[in-house]
There are 2 protein chains.
Amino acid sequence: MPHSTSAPRLGDLERVVMDRLWAAGATEGATVREVHEALEQDRDIAYTTVMTVLDRLAKKELVTREREGRAWRYFPADTREAMTAQTMRRTMDDMDVTDRRAALLHFLDGASSAEIDDLKAALAEVEARAGSGEETARRLRDRLRR
Amino acid sequence: MPHSTSAPRLGDLERVVMDRLWAAGATEGATVREVHEALEQDRDIAYTTVMTVLDRLAKKELVTREREGRAWRYFPADTREAMTAQTMRRTMDDMDVTDRRAALLHFLDGASSAEIDDLKAALAEVEARAGSGEETARRLRDRLRR
DNA sequence: AGTTTGTACTACGTCACGTCGTACTACAAC
DNA sequence: GTTGTAGTACGACGTGACGTAGTACAAACT
């Protein structure tokens, strides 16, 4: 049996391509040609290489695509922030961390004070939403699961 | 040029081996034999396989080792929690997240309320340490860098 | 001296990724 | 309608990471 790290990770080029899609905007998306033209400014890369990467990203469901004439238009499946958060969460799950408080403490230890402020802001926002009748994405998911 | 995702990731078996080391304890550590005997209970695995994995973990500096007679005794280089936090942090860096608040918000969205409590506890602890004269590891690092 | 214990080094299969080439197809321009 | 020209689909190759292990060889017991 070979290896099989649960979730899909991003390679270097894959990340660069995602960057382009995000730069293009979630609703605009981009075609292979557009991404290729953008990347070509910085590096020497074949059109088909970009195509392959976009294709693999679609298979991993990190991007979606819609027909546009004969071509496909690709869209990021998630925002950069959501994808990042998801990866972070998966890391914690994969590592089988039981003492999450300790893990988070270590995480904060590596954080700048600006980041800690960000975290407090995020926390406050979650609290606020919990206080009002608004349903967070998480709570919605929880509810649907039951 | 092939790919090169900045930081070392753990494969499945590597993680299992780390689990054994952590189970053995950071100060006790374990020899190849010990780890092998433990793993053998659950799966059919060669002694040398364990050795190779431990060797690679050492090269990645995820474990350290000390001579003990002819054998090596291996120790986890970090706690599970520290390593997890480090990986999470690296994820955020790698993903080039500018809007950390949004990322953290998404992270919290995937969190259970127990986890949120953990986070608040961790945050309070950091605050407390900042308030007292105690120096956190981060602040120490910051200071040394300047 | 023979057996055991342990390491070092090499090796092989597979998968993920970066990287393309080629074959084939619609659609447009002549 | 024949010739280009996008575009895609599919396959392929090289390399590094990992899981997996064999072999060779040194040290340590018996």
Report, one line per pair, each donor and acceptor closer than 3.5 Å where one atom sits in a side chain of residues 17-29 of chain B; sequence neighbours left out.
| unit_1 | atom_1 | unit_2 | atom_2 | d |
| --- | --- | --- | --- | --- |
| D19(B) | OD1 | R80(B) | NH1 | 2.9 |
| D19(B) | OD1 | R80(B) | NH2 | 3.2 |
| W22(B) | NE1 | D78(B) | O | 2.8 |

| task | Please tell me which of the listed nucleotides, dC17(C), dC20(C), dA8(C), lies nearest to the side chain of R67(B)? | result | dA8(C)

| message | Does anything in residues 51-62 of chain A form a salt bridge (Lys or Arg N to Asp or Glu O under 4.0 Å)? List the pairs, not counting sequence neighbours. | response | E14(A)-K60(A), D55(A)-K59(A), D55(A)-R65(A)

| said: What residues from residues 71-81 of chain A pass a heavy-atom cutoff of under 4.0 Å to DNA chain D? | reply: A71(A), W72(A)

| For DNA chain D, the residues among residues 18-37 of chain B that have a non-hydrogen atom under 4.0 Å from it | none

Rounded distance in Å - [atom1] ([X]) to [atom2] ([N]):
{"X": "L13(B)", "N": "dC18(D)", "atom1": "CG", "atom2": "P", "answer": "11 Å"}
{"X": "R56(B)", "N": "dA21(D)", "atom1": "CZ", "atom2": "P", "answer": "12 Å"}
{"X": "R65(A)", "N": "dG7(D)", "atom1": "CZ", "atom2": "P", "answer": "15 Å"}
{"X": "Y47(A)", "N": "dA9(D)", "atom1": "OH", "atom2": "P", "answer": "10 Å"}

| query | In the 5'-to-3' direction, what one-character label does each nucleotide of nucleotides 21-30 of chain C receive under the scheme B = base within less than 4.0 Å of a protein heavy atom, S = sugar-phosphate only, - = no such atom? | reply | BB--BB----

| query | K60(A) near the nucleic acid: base, sugar-phosphate alone, or nothing, with a heavy-atom cut-off under 4.0 Å? | reply | sugar-phosphate

| remark: So side chain to side chain donor-acceptor pair (under 3.5 Å) across residues 32-49 of chain A, not counting sequence neighbours, yields E34(A)-R73(A)

